[in-house]
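Have a look at the structure below, then the notes.
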Amino acid sequence: DTGVSQDPRHKITKRGQNVTFRCDPISEHNRLYWYRQTLGQGPEFLTYFQNEAQLEKSRLLSDRFSAERPKGSFSTLEIQRTEQGDSAMYLCASSLAGTGGYQPQHFGDGTRLSIL
Amino acid sequence: AQSVTQPDIHITVSEGASLELRCNYSYGATPYLFWYVQSPGQGLQLLLKYFSGDTLVQGIKGFEAEFKRSQSSFNLRKPSVHWSDAAEYFCAVGALGAGNMLTFGGGTRLMVKP
């Protein structure tokens, strides 16, 4: 069973550096989501794609954050000029989108970002 | 906007004892409700979901949850806890139409005493 895959699992970087994370969703899933989870909190929605189109962005997604899904398959999340407050677990999830009502999201193991 | 409250930040139970984790939600329409479990350093695993129909739903690993519309609650239960159930548990509500984005509660950390 090929689930949602995220790379890298851990990233340590210095403040001010740029970082990029990758997410590979379940192959037949056309929706892809990014969430951020800080220590001791529940995940918070950042953005989502349906195929290659980015359809929703949270106010949490500052202009230093950008996400892409160029071919409607894998997605990347880039953070420019990282700050201490960006330290968190970044979770990716995928689901089907259809007319059959709500489709559950399946999560990857996340990328833990630590800013020195 | 939807919201989820998990009143208990930490719960400790003895192995073999019963468990109930509380979840209260706020949502203006029929809610889509979920429980996820997260082990340290891992992603979220779906335990169970409620969309409609029978208000008592069964999930994986022996968990069940009951939807009570009058109380805006969706509490998670297990009759006999195993040491491997120690983890963080998250309740979430999904908004149909808003990209199906999930809103999570703050989580309940479960510790199991031998």
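Every chain is numbered from 1, with letters handed out A, B, ... down the list of sequences. The structure presented is a predicted model; accordingly, all values stated were derived computationally and were not measured.
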Problem set entry | Option that, when pairs with chain A are counted at under 4.5 Å, heavy atom only, ranks first among B:Gln38, B:Lys49, B:Gln6 | B:Gln38
For this session: Quick one: closest heavy-atom pair of A:Pro104 and B:Leu46, and the distance?
Result: CB-CD2, 3.9 Å
For this session: Could you state whether A:Tyr48 and A:Phe65 fall into the same hydrophobic cluster, counting links through intermediate Ile, Leu, Val, Met, Phe, Trp or Tyr residues with side-chain heavy atoms under 4.5 angstrom apart?
Result: no
Exercise. Does CG belonging to A:Leu116 count more than 12 external heavy atoms closer than 6.0 Å?
Worked result: yes
Exercise. Could you give the distance from CD (A:Glu44) to OG1 (B:Thr103), rounded to the nearest 0.5 Å?
Worked result: 10.0 Å
Seminar exercise, completed: Correct closest heavy-atom pair for A:Arg9 and B:Gly41 would be NH2-O, 2.8 Å
For this session: Can you see which heavy atom on B:Gly43 is nearest to which on A:Asp109, and at what distance?
Result: N-OD1, 3.3 Å
For this session: Give a yes or no on this: more than 12 heavy atoms of other residues, nucleotides or ligands lie within 6.0 Å of atom CD1 of B:Ile9.
Result: no
Problem set entry | More than 12 heavy atoms of other groups within 6.0 Å of A:Glu78 CD | yes
Seminar exercise, completed: Honestly, the part of B:Gln45 sitting under 4.5 Å from a heavy atom of chain A is neither
Problem set entry | Heavy atoms of other groups near A:Ile12 CD1, more than 12 under 6.0 Å | no
For this session: Please look at A:Leu55 and chain B and tell me whether the side chain, the backbone, both or neither of the residue comes under 4.5 angstrom of a heavy atom of that chain.
Result: neither
For this session: Grab the two heavy atoms, one from B:Phe90 and one from A:Gln37, that are nearest each other, plus how far apart they are.
Result: CZ-NE2, 3.3 Å
Exercise. What residue, out of A:Gln41, A:His106, A:His10, has the most heavy-atom pairs lying under 4.5 Å from chain B?
Worked result: A:Gln41
Exercise. Is the number of heavy atoms from other residues, nucleotides or ligands within 6.0 Å of CZ (A:Arg15) greater than 12?
Worked result: no
Exercise. What part of B:Leu102 gets closer than 4.5 Å to chain A, counting heavy atoms only: side chain, backbone, both or neither?
Worked result: both
Exercise. Between A:Met89 and A:Leu39, is there a shared hydrophobic cluster once you connect ILVMFWY residues whose side-chain heavy atoms come closer than 4.5 Å?
Worked result: no
